[in-house]
Structure formats: C-alpha cells, structure tokens
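Residue numbers begin at 1 in each chain, while the letters A, B, ... track the order of the sequences. Please read these numbers as outputs of a predicted model, since none were measured by experiment.
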Amino acid sequence: MINVNHERTMTVARKRGFLWSSFEIYSGVAGFVDYGPLGATLKNKIMNRWREFYVVREGFYEIESPTIMPEEALKASGHVDHFNDPMTQCKECMDVYRADHIIEDATGRDVEGLENQELTEIISDEGIRCPRCGGHLTHVWSYNLMFQTLIGARGKKTGYLRPETAQGIFIPFKRLLRFFRNRLPFGVVQLGKSYRNEISPRQGVIRLREFTQAEAEIFVDPEHKTHPDFEEVKEDILRLYPAGRQMEESGTVDMTAAEALEAGVISSEVLTYHLCLAKRFLMDIGIPEDALRFRQHLPSEMAHYAIDCWDVEAFTDSYGWIEIIGIADRTDYDLRSHSQHSGEDLRVFIEYDEPRRIRKRAVKPDMGKLGPKFRKDAARIASALSEVDVEEIEKALDEEGRFILEGEFEILPDDVSFEDVEEVVTGRKVYPHVIEPSFGIDRIIYTLLLHSLVDDGERTYFRLPPHVAPVEVTVLPLVNREEMVMTALEIERNLRRSGFIAEFDSSGTIGRRYARADEIGVPFAVTVDHETLEDGTVTLRNRDDCSQVRVKIEELVPTLEKLRG
RNA sequence: GCGGCGUUAGUCCAGCCUGGUUAAGACACUGGCCUGCCACGCCAGCGACCCGGGUUCAAAUCCCGGACGCCGCACCA
C-alpha cells in the first residue's frame, strides 16, 4: 500500500549521521542506539514540538524525576511483580513457559511468591513435563525486564532503572496537586529515558533497552471525563480499528471523533480528544495520515490497570504495524496503589456545586468510661468505633448488651451514646482517573524517517517539514570564486546569527551539493551566483520541487522565517 | 533464550570453498584543477578483514568460543 523502504532509510540514516547502533567499536550491544549529530537535532526538535502541543497548547507542566527508582515505588506500581517472572524452558521443543503457570496448571498448587529454587524442585518432584511435547524442563530462572542496581556505598537498597516515566509523576502527586491548587483536571508531562532489559531486542530502533518517552498524565474527575476543546477536534477523522472489528477481522473504519464518541467506540470524550491531538502532532512533524491507524487493545491484552487503551500504530514495511503511541485510561489504579503502599492519602477533594446536608446517626464514645477501661488503647478504639457501621453497634448493644470491637474489646451500652447529627458535606474525596498519552519518541523518529524518505531514482532525500529538519538551510557559492565564497560565508553567518541552522558547502559541483543537502532533508538552499555580485539577490531553492526564486539578501531572513513556520 | 545463515574502508561489495601478492573495485569523503545551476569533468589523497583463543612456517581464508546482524521458533505485564 504505502511505499516505504526500511533498508534504504536505515542506510541513509546511518551514513549521514542520524542514527547508528551504539558501542560499535566494541562490537555493539543489542538494544542501544546512538543519535548522531542530525539525529539528535531532529529528536530535540520533535521533543520541542511535542512540548508545543502538550505544555503550551494544553497547559500541562513538565517535571523531571530520577531514572533510578527504589524498589518500593515499583512494587506499588506493580512493575516488580509484572516485570519479574519465573521462566522455564522445554529441553526438547524449546518452548518457554511461565514456571508458576505450568505448575499451577499441572498440580493446582498456588506457588505465588516461591523462590526459583523451590519452583525447580516442585517441577522435578512432581514430574512436571512440557505440556506440548512431554519433554524435560530446565531449571527455573528469573526473567526480569527491569535493570536492577544497588543504591548507596554499602549497596543495601535495591533500585531499578525506571521502566516508564509515568511513575515519576504519580509519586509526587500530592505536591503536584498542591501546585495546581487542588483542582482537577490538570496534566503533568515528563520526557526522558526509560529502560527495559528485553530478552532479545532484534528490531533495531523498534525495540530498545534504553528508549525515550514523552508521557502526559492527565488527572481528571472520574465523573467528568470531558475536554473543554473537544469542539475543535470533533470533525477530525480517525482511522479506527476497534477490538470488535479485530476479532471479526473486518479491518479499520474511518469515523469523525464525534461519531466515534457517540457510538461508544471510544470510552470518553477526553480520551477521544487525546487521540485527535496525538494524530495532529504526528501529522505536524511530517508523518503522513495514511501511515497511521488507531488500534484498540483487546480485552485480553489490556494492562491490568486500564479500562480502555488505544495504540497509535504506524505502517512499516519490515515490521508491519508498530505501536508508536499508547493512549490509555489508566483509571485510578496507580494513585490508589501508591496510596495503599505509602500510606499517603492521594485523593482529591472535589467540591459539590451545592453543599449537601446529610442526616445520619453517629456514635459518640464516652471517654470518661473508655479511658480508665482501655487505657492506652482508648484513643485508638474511639476512632475505630467511628469507622464501624453505626447500626451494627446499636443492634449489638440492643440485642446482646455488648459489642465486641476487633474481636477483643468489649463495649458496653454505657460506654457510648448515639445521636442524630446533620452534617453539611461540601464535596467528596476521590482518586482522580488518569488519561495517559505515552509517546515512544524513538519509534516516532523511525516512522518519520521511514515515511519521509523519497527515493525516486533521480534523487534520494528526506522530505522533512522545515520546522523539524535538522539543517534548515544550506548556502552555496555557484562556483569557487573568491567573491562568491565570501558572500556565501557571510550569508551563512548571518543566518546563524538569526537563529537558523545553516551550512556552507563549496565542495564539488553545484548539483552534487544540492544532492548532498537534499539527502539529509535540508528544505532550502541559497545559491550565490553571478547575478548576486551585481544586484545583491540570491536564488532560494525548494528541496521538494527544485524550484528557485530570486530573493534580496536582506530579505532572506524574513522569507525563511515565514517558510519555516 | 534455541536453531539456521552471515559480519571485509563512511556505504555497497570481491577475495574465503582450495591458507601464502602491496586485500581488488565502485560510490562517498578530503585536497587541487576546471567560469560549471541539479549527484554521472580531470588529477591526487584518505580509508577495512567484528572480538578472543586454537591449528599452521604462514590465517580475511580452517577450527572453537563470544559479540553483533538477518530469518524461523519462543519471549515482549
């Protein structure tokens, strides 16, 4: 369908300084890449463009947290459990299995939390064999997708390189909430490196062990999953591949954002809005619309925390459709979990439009009685009583003459009294839900390069939009004559002073120099020719159609600024 | 992780089977020349045998191990 060429793209990218595999002189390590001079520039421009969309346009704020995280934090997020699986492999057919699953299937035993050694022993004691071919199984090893390290000089504390940037936002949630003056919705973003120790990363820049993410965590009221600017995007066309259509293999469907929301294909307005925004971003940096589709996660593949999740997928010739962005409704999973593990209340107080009066019956402990009776436990008992259902206490005292708290403390009718109180409730405390657009920057750059490469037999060049092209303008003397060279050098210098990434090139024929600049996607070429020396005009050449216009040297900067956008 | 195939200048590659020359070529790049507007004018130059071990008088070449790459299987909450 779409004409792209992975081999050609990567060859040019490597040759011209965009991207290559790391540590080459030490024979390389799979899953790591270097961004060369042009690649790093391109990446920075794309990340800055992303900030334009999410920080400037949406009003989110960017934070920066450590890439090394303590074990507790990742236990709370579920990563320690989910990224650390006991594995075993059949020695005959080479199938790999989760050791705990295979034991549970064979014996019905719950082996959660057992050590690898113990699991290995169970496999041999119970004579468990490969479910497919009956072959012997290897010893159990841990398959840990997170890079582990030790924190501190004595190395007592286990740490991990973060597997996603998102957790760095959830953890300081209370401070962030305060920064946003306790009001929902608000969004926080983080751009940076994350790490996953993939077993066999074989797809180059598609599956890296160290990769760059740009993530936004948008905290919303679970009862108001809307977006104030939805009107603006409601006519955007989305190429959707919902779970239902995947299961019946019926292909994608194009719908407007409003239609998709109306039909319930996408679960909420705010999620729909962010699908649109992601698409707008990708098109802004130069990825063609027809290279993209939105694929909904199947219920079976949805992460444990999400209720709806859409991947933005890009078409590639050698890897098929690849995920470049995940946009998920993570619900309140993360904040709830961090609350439980840390003991911090990470809920948000949401005021009602009108205060509500609630009549209810309350238990009132008589501390004059409870104090002498329970001594140092008294205070705790008093507060524990208020947690218990009032009716339950009243009923027990009525019918049995006593109430046993926590199976231990005997409360008698005289110890407490009951009263009807009217409470004014001005709001409720809730865990916000989290909408998370998560961008894989490396894959986006790969997709952009792949789809930008034009190789028409005549010329080879990256058709990058002017505002993301790493080199923005090249300045060339038509011939190597002193006056032309001097003029060209001066123009290059002035362009740099005016904020353009400009290059000067006098080596080889003019055609070769155009080709050289085209290949790395330089959108504009300024040529100093004979006429320049007479009337102070230069030619300004457009990369995509090779057309040229004459421009006065003084007008170069404003002209290029307009063209760059 | 398993199996198959592979790895030679910046890039694409010849040579390996059958061990022995100064490791060939093209493109790119650099310098010089050339009054030339779209890579294809001339001259010169730079630049490589993935790493480690073994066999041998001698290893790019044969053997073993490793790394990396491609393909298949597995894995990828």
Report task. Write down the distance separating the P atoms in G4(B) and C43(B), rounded off to the nearest Å. Result -> 50 Å

Report summary line: In whole angstroms, the gap separating C1' of A77(B) from CZ of Arg207(A) amounts to 14 Å

**Report entry** Euclidean distance for C1', G45(B) against C5(B) (whole angstrom)
**Finding:** 38 Å

Report summary line: Taken to the nearest whole Å, CH2/Trp20(A) to P/G69(B) is 17 Å

Query raised in the report: Using purine N1 to pyrimidine N3 plus N6-O4 or O6-N4 for Watson-Crick, or N1-O2 and O6-N3 for G-U wobble, each under 3.5 Å, what pairs with U56(B)?
Result: none

Query raised in the report: Quick one: is the NZ or CZ of Arg293(A) closer than 6.0 Å to the six-membered ring centre of Trp321(A), and within 45° of its axis?
Result: yes

Query raised in the report: Quick one: is Arg512(A) getting a side-chain N or O under 4.0 Å of the A28(B) phosphate, OP1 or OP2?
Result: yes

**Report entry** Value in whole Å for how far the C1' atom of C76(B) lies from CD of Glu323(A)
**Finding:** 11 Å

Query raised in the report: Atom CD1 of Ile25(A) to atom P of C68(B): distance rounded to whole Å?
Result: 16 Å

Query raised in the report: Parallel, tilted or perpendicular for Phe147(A) and Tyr195(A), by the 30°/60° rule?
Result: perpendicular

Report task. Using the six-membered ring of Phe500(A), assess whether NZ or CZ of Arg564(A) lies under 6.0 Å from its centre and within 45 degrees of the ring axis. Result -> yes

Query raised in the report: Looking only at atom C1', what distance separates U18(B) and C12(B), rounded to whole Å?
Result: 27 Å

Report summary line: Among the nucleotides C38(B), U30(B), A67(B), whichever has the atom closest to the side chain of Ser27(A) is A67(B)

**Report entry** Short side-chain N/O contact to G41(B) OP1/OP2 from Thr509(A), under 4.0 Å
**Finding:** no

Requested in this report: Report the nucleotide, chosen from C76(B), A77(B), C38(B), that has the shortest atom-to-atom distance to any side-chain atom of Arg541(A).
Outcome: C38(B)

Query raised in the report: Atom CG of Asp317(A) to atom P of C70(B): distance rounded to whole Å?
Result: 13 Å

Query raised in the report: Using the C1' atom in both, what is the distance from A48(B) to G1(B), to the nearest Å?
Result: 33 Å

**Report entry** Under-4.0 Å salt bridge between Glu483(A) and Arg481(A)
**Finding:** yes

Query raised in the report: What integer distance in Å separates Arg459(A):CZ from C40(B):C1'?
Result: 16 Å

